[in-house]
Amino acid sequence: MATTTPSRGRRRAPSRMTRAAGKAAALQKPRVILALLLLLALTSVMLLDGYLRAEVGGDERVRSNASSSKVPDKVLDGGPILSFRGGEAQSQSVPEKTIALTFDDGPNPTWTPQILKILEENDVPGTFFVVGSMVSRYPSIVKDLVNQGNEIGIHTFTHVDLSYQSDDRIAREMDQTQLALAGAAGITTTLFRAPYSSEADAIDNYSWPVYKKLGEEGYTSVFVDTDSDDWKRPGVSKIIKWATPSKNKGASVLFHDAGGERSQTVKALGTYIKKMKAKGYTFTTISGAIRQTESANQQANGQTGQNGQQPGSEQGEQSEQAGGQAPGVQQGQQGQQGQQPGQNGQLGQSGQAGGVNSLQAAHRTATGTTLYEGKALVAAVAVAEWTVPGLATGLAVVGVAVMGRFGMMLILARRHYRQRNKRRFSWGPTVTQPVSVIVPAYNEKECIANTLESLAKSTHPIEIIVVDDGSTDDTSQIARDAARSFGMTNVRVIRQENAGKPAALNNGVRSASYDIVVMMDGDTVFEPDAVHQLVQPFADPEVGAVAGNAKVGNRNTIIGAWQHIEYVMGFNLDRRMYDLLRCMPTIPGAIGAFRRDAVLEVGGMSEDTLAEDTDITIAMHRGGWRVVYQEHARAWTEAPASLKQLWSQRYRWSYGTMQALWKHRKSLTDKGPSGRFGRVGMPLVVIFQIITPVFAPLIDVFTAYSMIFIDFKAALLAWLAVLGIQLVCAAYAFRLDREKYRYLLMMPLQQLAYRQMMYLVLIHSCITALTGGRLRWQKLKRTGEVGTPAGVS
């Protein structure tokens with residue numbers, strides 16, 4: 001056994017290394033936090049979008065046939081306008097031959113603008129009871145609605161039956177809608193109509209406390225006198241008939257500008273307005289109807305107001321209701337009365353209903369915190385409106401790409417297997433000449449003996465060069481002792497100052513005695529025929545490098561099983577595909593072989609990137625060499641045993657891959673093998689190792705989103721279908737590698753947990769690349785639990 005000791009020189013001080021490591025760790029923490037914040041922001045956007053588009057939990061419940069024994073008779077028998085001035089319930093009706101057109105469930109980008117156009121053409125105002133989630137999604141429509149002189153009321157934020165909700169939920173439904181109105185049109189409102197409500201006599205013991213509570217907060221609840229039932233789509237003629245009040249009575253008439261297909265409503269509305277005008281009816285808003293009724297009451301009582309004001313105590317009450325404190329989020333804010341008097345106190349018959357600069361009596365100008373919070377809500381919703389559909393489209397594209405990749409992998413992997421396992425297949429004359437095995441080692445005292453023991457059983461003639469990269473433990477001495485105990489005379493131990501794995505490998509290549517060099521990690525054990533199998537492709541003079549079949553040795557833990565699945569399916573199945581396409585991107589550091597002259601020709605193992613194995617593989621392509629995969633050359637490596645170590649390893653891999661691709665980007669325009677890799681291999685790596693891994697975890701997030709907000713059963717079945725396809729691919733990969741299927745039981749959990757971690761690692765790597773960060777070659781903590789191949793189950 002020969003040993004070589006380098007001349008002594010100035011060594012790097014441990015304290016300096018410690019400071020450098022501490023500084024690197026300090027730089028990484030903000031990037032990890034930023035990656036987590038990106039995921040949190042995306043999740044928040046999706047939750048907001050889901051909240052805007054759907055009902056959660058039991059919100060779809062609608063109460064019916066409940067008792068009304070606790071509701072005052074004067075309310076049940078009263079008109080459709082209910083207020084609580086001075087804490088006492090007061091009902092009002094719409095004056096005779098007057099119609100207050102009301103529209104529920106909007107705004108809608110298709111139907112609301114068409115209805116607004118009809119109202120404007122006929123010089124008629126409307127009162128729109130809007131859903132807050134729709135307001136936040138379509139703020140420009142609400143602004144147009146207000147500018148046209150129409151009136152707005154609240155129809156809750158998510159269109160829920162408030163009789164089922166807690167006081168806190170009711171407050172949120174109202175306040176969030178007020179904020180949406182503030183952000184969209186700069187107003188709040190005092191009008192309210194409950195979802196699923198109808199006439200006043202339908203108030204029951206469960207909804208009555210809700211109306212009473214909101215009335216005490218300053219809201220006026222609005223019901224229906226006449227219902228067009230347009231939501232049933234019974235036809236234009238029936239809509240007009242059902243919306244027509246009987247015996248010249250006034251009415252609060254219900255139409256819908258959203259909530260479904262409303263073409264019949266649009267067709268009926270113009271004809272209805274002309275018909276009612278021909279009968280002598282006038283049109284007003286709910287506030288206009290209130291003013292008309294109060295004006296008529298004053299005249300009947302002999303009271304005369306000046307400029308439309310109500311004197312005395314009633315004037316004070318009216319001022320408080322119509323122009324004082326606003327309810328909900330507007331409490332404490334001074335409102336503006338802004339009445340638009342017309343003939344007999346009702347709205348003037350103009351489409352502008354008093355003009356843009358004169359607010360409806362129910363409206364309040366939003367100011368201060370309410371205004372800015374409202375604008376923030378609308379802005380957040382705008383982000384969600386663009387982000388979620390964009391992600392959905394991206395996921396659809398990624399899904400198609402992933403399914404296509406699975407199909408291509410299965411086809412090419414089968415072809416590769418059948419081609420390489422034919423009895424007549426041969427690379428050429430059997431390669432029997434000795435080869436050099438290079439083992440870079442840094443603090444490998446737990447593993448190095450097992451590694452050398454496995455090499456001692458090699459069926460191929462080899463020399464072994466252990467390059468100790470400045471280890472601070474007894475790696476060198478353990479290697480010498482192991483070589484003596486195994487009777488190995490073909491081992492050299494070379495010590496060098498700590499310079500990193502690429503430098504250690506280059507030192508080994510320069511010191512190699514033979515034309516073919518095999519590179520492995522210090523924690524890896526080879527099967528006896530691994531070297532012999534690995535070097536056989538060199539019988540083909542075009543082959544410059546060979547990738548072996550790396551397997552996870554410590555697979556009997558959850559993390560180990562996850563990585564085992566990934567190695568068999570994600571790495572080895574991929575390598576079969578890349579081999580046939582002649583664009584292999586990476587020779588694993590655990591087991592790979594090279595022509596020594598080819599390595600020296602391309603400049604050796606580069607320190608430019610963190611993924612020296614990917615870097616040298618691409619360099620071999622660019623040097624005109626062919627890179628192949630040898631499935632029968634098997635080695636067992638110790639995978640990271642903790643999430644922290646796994647993160648560290650995969651962070652280096654993904655970041656290093658990005659560096660290597662960027663370094664060799666000119667291969668895109670090269671010719672020959674280099675150009676083939678640039679135009680075939682590089683796009684495949686970018687798509688399937690960078691882009692799709694970023695989006696893949698979002699499949700789980702979207703699945704959860706769909707289960708909560710859309711259709712639980714359909715979403716679950718879709719997720720299970722994707723999982724089933726992956727299981728089929730994984731099972732086939734396990735069959736080709738003759739692995740035990742029991743590890744596939746861990747695959748569902750892998751999809752839920754492991755994939756999310758890989759997403760964060762990749763985001764972390766992208767952020768590091770964008771911010772110009774750099775990393776050193778990182779050493780993982782080893783346990784030495786991967787022994788000889790015979791002991792691996």
Quiz item: So do V517 and V435 actually touch side chain to side chain, heavy atoms under 4.5 Å?
Solution: no

Self-check item: Side-chain ion pair, R676 and D670, N-O less than 4.0 Å
Solution: no

Quiz item: Got a sec, which residues hit side chain to side chain contact (heavy atoms under 4.5 Å, CB included) with R595, two or more places apart in sequence or on another chain?
Solution: F538, A598, W625

Exercise. Compare every heavy atom of I587 with every heavy atom of A545, then report the nearest pair and how far apart it is.
Key: CB-CD1, 3.2 Å

Quiz prompt | Distance-only polar pair, side chains of H632 and N421, donor-acceptor under 3.5 Å | solution = yes

Practice problem: With sequence neighbours excluded, tell me which residues meet side chain to side chain contact (heavy atoms under 4.5 Å, CB included) with D515. | Solution: none

Self-check item: Sidechain N-carboxylate O distance under 4.0 Å for E631, R575
Solution: no

Quiz item: Is a salt bridge present between D469 and K501, judged by a nitrogen-to-oxygen distance below 4.0 Å?
Solution: no

Exercise. Test the R576-Y629 pair against the cation-pi criterion, namely NZ or CZ under 6.0 angstrom from the six-membered ring centroid and within 45° of the ring axis.
Key: no

Exercise. Go through K713 and L716 one step at a time and tell me if the side-chain contact (heavy atoms from CB on, under 4.5 Å) criterion holds.
Key: CA-CA 5 Å; K713 183 181 292 186; L716 180 60; 5.9 Å; no

Quiz item: So with a 6.0 Å cut-off around CZ of R415, is the heavy-atom count from everything else above 12?
Solution: no

Practice problem: Decide whether T637 and D523 meet the rule of one side-chain donor and one side-chain acceptor closer than 3.5 Å. | Solution: yes

Quiz prompt | Candidate pair R650 and E566, rule salt bridge (charged side-chain N to carboxylate O under 4.0 Å, His left out), full reasoning | solution = CA-CA 12 Å; R650 298 312 167 87; E566 182 183 27; 2.5 Å; yes

Quiz item: Hey, are the side chains of M682 and S667 touching, using non-hydrogen atoms and a 4.5 Å cut-off?
Solution: yes

Quiz item: So H532 and Q536, side-chain contact (heavy atoms from CB on, under 4.5 Å) or not? Walk me through it.
Solution: CA-CA 7 Å; H532 182 74; Q536 294 312 305; 3.2 Å; yes

Quiz item: Are the side chain of Q563 and the backbone of I559 linked by a donor-acceptor contact shorter than 3.5 Å?
Solution: yes

Self-check item: Note, F406 side chain near M569 side chain (heavy atom, < 4.5 Å)
Solution: yes

Self-check item: Q533 vs H460, side-chain contact (heavy atoms from CB on, under 4.5 Å): CA-CA, chis, key distance, verdict
Solution: CA-CA 9 Å; Q533 293 286 352; H460 196 91; over 6 Å; no

Quiz item: Between CE of M658 and OG1 of T614, what distance do you get to the nearest 0.5 Å?
Solution: 12.0 Å

Quiz item: If you take all heavy atoms of D615 and S606, which pair is closest and at what distance?
Solution: OD2-CB, 3.4 Å

Self-check item: Any donor-acceptor pair under 3.5 Å from R420 side chain to Y417 backbone
Solution: no

Quiz item: Are any of the side-chain heavy atoms of M747 and L727 separated by less than 4.5 Å?
Solution: yes

Self-check item: Side chains of F526 and R634 in contact at under 4.5 Å (non-hydrogen atoms)
Solution: no

Quiz prompt | Residues which pass side chain to side chain contact (heavy atoms under 4.5 Å, CB included) with P683, listed by chain and number, not counting sequence neighbours | solution = none

Quiz prompt | Flag side-chain contact, heavy atom, 4.5 Å: T657 against V685 | solution = yes

Practice problem: Would you mind reporting whether D574 and Y578 have side-chain heavy atoms less than 4.5 Å apart? | Solution: yes

Quiz item: Which pair of non-hydrogen atoms, one from R665 and one from W662, has the smallest distance, and what is that distance?
Solution: NH1-O, 2.6 Å

Quiz item: Stepwise, does the side-chain contact (heavy atoms from CB on, under 4.5 Å) test hold for L573 with L736?
Solution: CA-CA 9 Å; L573 204 61; L736 294 183; 4.1 Å; yes

Quiz item: Does one side chain, of K666 or S674, offer a donor that lies under 3.5 Å from an acceptor on the other?
Solution: no

Practice problem: Ignoring hydrogens and angles, tell me if any N or O in the side chain of H416 forms a donor-acceptor pair with the backbone of M577 under 3.5 Å. | Solution: no

Quiz item: Below 4.5 Å, heavy atoms only, C-beta onward: do R555 and Y743 meet side chain to side chain?
Solution: yes

